[in-house]
Protein chains: 2
Amino acid sequence: MGVTKIENFTKSQNHLAMVAKALGHPARIAILEHLLKLNSCICGDLVEVLPLSQATVSQHLKALKEAKLIKGNIEGTSVCYCIDADTWKYSKQMLNQMFDKYHDNSCC
Amino acid sequence: MGVTKIENFTKSQNHLAMVAKALGHPARIAILEHLLKLNSCICGDLVEVLPLSQATVSQHLKALKEAKLIKGNIEGTSVCYCIDADTWKYSKQMLNQMFDKYHDNSCC
DNA sequence: AATATTAATCGTAATATTGCAATAAACAGA
DNA sequence: TCTGTTTATTGCAATATTACGATTAATATT
């Protein structure tokens with residue numbers, strides 16, 4: 001079916017999965033790293049940094065925007081992208097919460 | 001084409017993306033949470049906990065195993081799953097490294 | 001040996017993702 | 001207004017994912 005049974009899982013499980021899914025492509029990781037590196041908004045030079053066409057980059061940006069990991073502000077002809085602070089912090093916290101639950105006592 | 005251009009990205013970008021992709025489904029988050037909750041190996045009662053068929057759960061377990069987030073040990077007729085400590089710690093570190101790079105100075 | 005239990009795999013259908021060329025939309029400057 | 005610049009969208013093809021029933025494989029139990 002290829003369609004996830006979202007309704008059977010908790011809100012937080014779905015949120016974590018949604019964020020993780022958005023992070024689940026090297027191009028999108030690269031986009032975020034670029035945003036973090038410049039430590040400010042960037043305006044469109046992403047296409048030159050990435051080994052992908054403009055259309056494809058735009059699609060990946062859309063995916064990140066849909067997961068609310070980034071925001072895009074229109075500035076004249078170009079668009080200014082930056083990390084969405086709220087989702088970023090929340091996701092960081094959720095991920096840490098999960099990753100911290102493990103305490104090295106595996107039986108296998 | 002539906003095929004990711006992995007070769008154009010760095011090793012660490014691909015690793016992060018691979019782990020994130022494995023986390024990118026609520027069922028797989030639920031599986032990991034269950035493993036963390038029991039804090040030990042569980043064998044197959046996952047199928048009863050999750051709202052999915054045995055075949056589907058097995059598929060999700062395979063995805064987590066392929067990302068090396070979990071390990072599976074055969075124990076008689078059943079299989080014992082647990083978190084893979086190495087990948088877990090490494091991924092946690094990589095994710096934190098990325099998430100910590102953001103310092104609240106958004107211009108938009 | 002025959003049967004039951006458990007988990008993986010196969011086959012299949014529906015849907016999603018990835019990628020790009022082509023086009024559209026929105027705006028700036030001449 | 002016309003032209004260039006920048007980003008989004010559309011349309012399409014190739015491949016991947018999700019889900020499940022049916023089957024297989026491996027080991028226990030009787």
Side-chain angles (χ1 to χ4, degrees), chain A residues 1-9 13-14 17-31 34-35 41-67 69-82 108, chain B residues 1-9 13-14 17-31 34-35 41-67 69-82 108:
Chain A
M1 328 220 148
V3 64
T4 300
K5 286 179 146 190
I6 279 175
E7 66 280 7
N8 294 306
F9 299 96
Q13 285 169 342
N14 280 313
M18 202 188 67
V19 169
K21 197 174 181 180
L23 296 177
H25 193 289
R28 294 196 288 270
I29 296 287
I31 289 173
H34 195 67
L35 281 172
C41 295
I42 55 126
C43 309
D45 44 308
L46 271 169
V47 177
E48 285 160 46
V49 177
L50 296 174
L52 295 168
S53 76
Q54 184 267 321
T56 306
V57 172
S58 188
Q59 219 170 235
H60 283 303
L61 286 166
K62 193 181 175 188
L64 288 169
K65 266 187 283 181
E66 273 167 3
L69 281 167
I70 65 173
K71 287 191 284 190
N73 277 41
I74 298 165
E75 276 191 3
T77 336
S78 58
V79 177
C80 169
Y81 292 105
C82 62
C108 40
Chain B
M1 330 224 149
V3 63
T4 298
K5 286 178 144 190
I6 279 175
E7 65 281 7
N8 294 305
F9 299 98
Q13 285 169 341
N14 280 313
M18 202 189 68
V19 170
K21 195 173 183 181
L23 297 176
H25 192 290
R28 294 195 288 269
I29 296 286
I31 288 173
H34 196 68
L35 282 173
C41 296
I42 56 129
C43 314
D45 42 307
L46 270 170
V47 178
E48 284 160 49
V49 176
L50 295 175
L52 295 167
S53 76
Q54 184 266 321
T56 305
V57 172
S58 188
Q59 223 171 230
H60 283 303
L61 286 167
K62 193 182 175 187
L64 289 169
K65 264 187 287 180
E66 273 167 2
L69 282 167
I70 64 173
K71 286 190 284 188
N73 276 45
I74 298 165
E75 275 189 5
T77 336
S78 56
V79 176
C80 168
Y81 290 106
C82 62
C108 42

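Every chain is numbered from 1, with letters handed out A, B, ... down the list of sequences.
Look at A:His60 and you'll find a side-chain N or O under 4.0 angstrom from OP1 or OP2 of C:dG19. The phosphate of D:dA8 (OP1 or OP2) has a side-chain N or O of A:Tyr81 nearer than 4.0 angstrom.
Heavy-atom minimum distance, B:Gly76 versus B:Ile74: O-CG2, 3.7 Å.
For the pair A:Gln54/A:Ser58, a side-chain contact is recorded, criterion being any heavy-atom separation below 4.5 Å from C-beta on. Residues A:His60 and A:Leu52 form a side-chain contact, since some pair of their non-hydrogen atoms from C-beta on lies under 4.5 Å apart.
Taking atom NZ of residue B:Lys65 and atom P of nucleotide C:dA7, one finds them 11 Å apart after rounding to whole Å. The distance between atom CD1 of A:Ile70 and atom P of D:dA8, rounded to the nearest whole Å, is 9 Å. In this structure, B:Met18 places its CE atom 18 Å from C1' of C:dT17, rounding to the nearest Å. In this structure, NZ of B:Lys21 is placed 16 Å from P of C:dA16, rounded to the nearest angstrom. A:Leu64 places its CG atom 12 Å from the P atom of D:dA8, with the value rounded to the nearest Å. Between B:Lys71 atom NZ and C:dA7 atom P there is a gap of 19 Å when expressed in whole angstrom units. Summarising the geometry, the separation between CG on B:Asn8 and C1' on C:dC20 is reported as 14 Å, rounded to the nearest angstrom. Rounded to an integer number of Å, the gap from CD of B:Glu66 to C1' of D:dA16 is 12 Å.
Proximity note for B:His25 (side chain, C-beta onward) versus D:dA16, D:dT9, D:dA19: the nearest is D:dA19. Of the candidates C:dC20, C:dT9, D:dT7, C:dC20 carries the atom nearest the A:Leu52 side chain, counting heavy atoms from C-beta on. Nearest to the side-chain atoms of A:Leu61 among the listed nucleotides C:dG19, C:dG11, D:dA8 stands D:dA8. Checked against D:dA19, C:dG19, D:dT7, the side chain of B:Gln59 finds its nearest nucleotide in D:dA19.
For the atom pair CG of B:Leu69 and SG of B:Cys82, the computed distance is 12.0 Å after rounding to the nearest 0.5 Å. If you take CE on A:Met18 and CG on A:Leu23, they are separated by 10.5 Å, rounding to the nearest 0.5 Å. With rounding to the nearest 0.5 Å, the separation of CG in B:Asn8 from CG in B:Asn14 is 9.5 Å. Residue A:Leu50 holds its CG atom at 12.0 Å from CZ of A:Arg28, rounded to the nearest 0.5 Å.
Across the interface with DNA chain C, nearest-nucleotide mapping of A:Arg28 and B:Val79 shows B:Val79 to be the residue nearer the 5′ end. The residue among B:Thr56 and A:Ala63 whose nearest nucleotide of DNA chain C is located toward the 5' end is B:Thr56.
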Practice item. Report the C-alpha separation of B:Leu46 and B:Leu61 in whole Å, then their side-chain angles, then the decisive distance to 0.1 Å, and conclude whether the side chain to side chain contact (heavy atoms under 4.5 Å, CB included) test is met. Key: CA-CA 10 Å; B:Leu46 270 170; B:Leu61 286 167; 3.9 Å; yes

Study note, to complete from the structure: Readout for nucleotides 21-28 of chain C: B = base within 4.0 Å of protein heavy atom, S = sugar-phosphate only, - = neither; 5' to 3' it is BB---BBS

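Aromatic ring orientation, A:Phe9 versus B:His25: perpendicular (interplanar angle above 60°, classes split at 30° and 60°).
Terminal axes of the helix from C:dA1-D:dT30 to C:dA30-D:dT1 (five pairs each, C1' rotation axis) are separated by 10°, to the nearest 10°.
Within 4.0 Å of B:Ser78, counting heavy atoms only, lie sugar-phosphate atoms of the nucleic acid but no base atom.
Partners of B:Lys65 according to the side chain to side chain contact (heavy atoms under 4.5 Å, CB included) rule, which considers only residues two or more places apart in sequence or in another chain, are B:Ile70, B:Tyr81.
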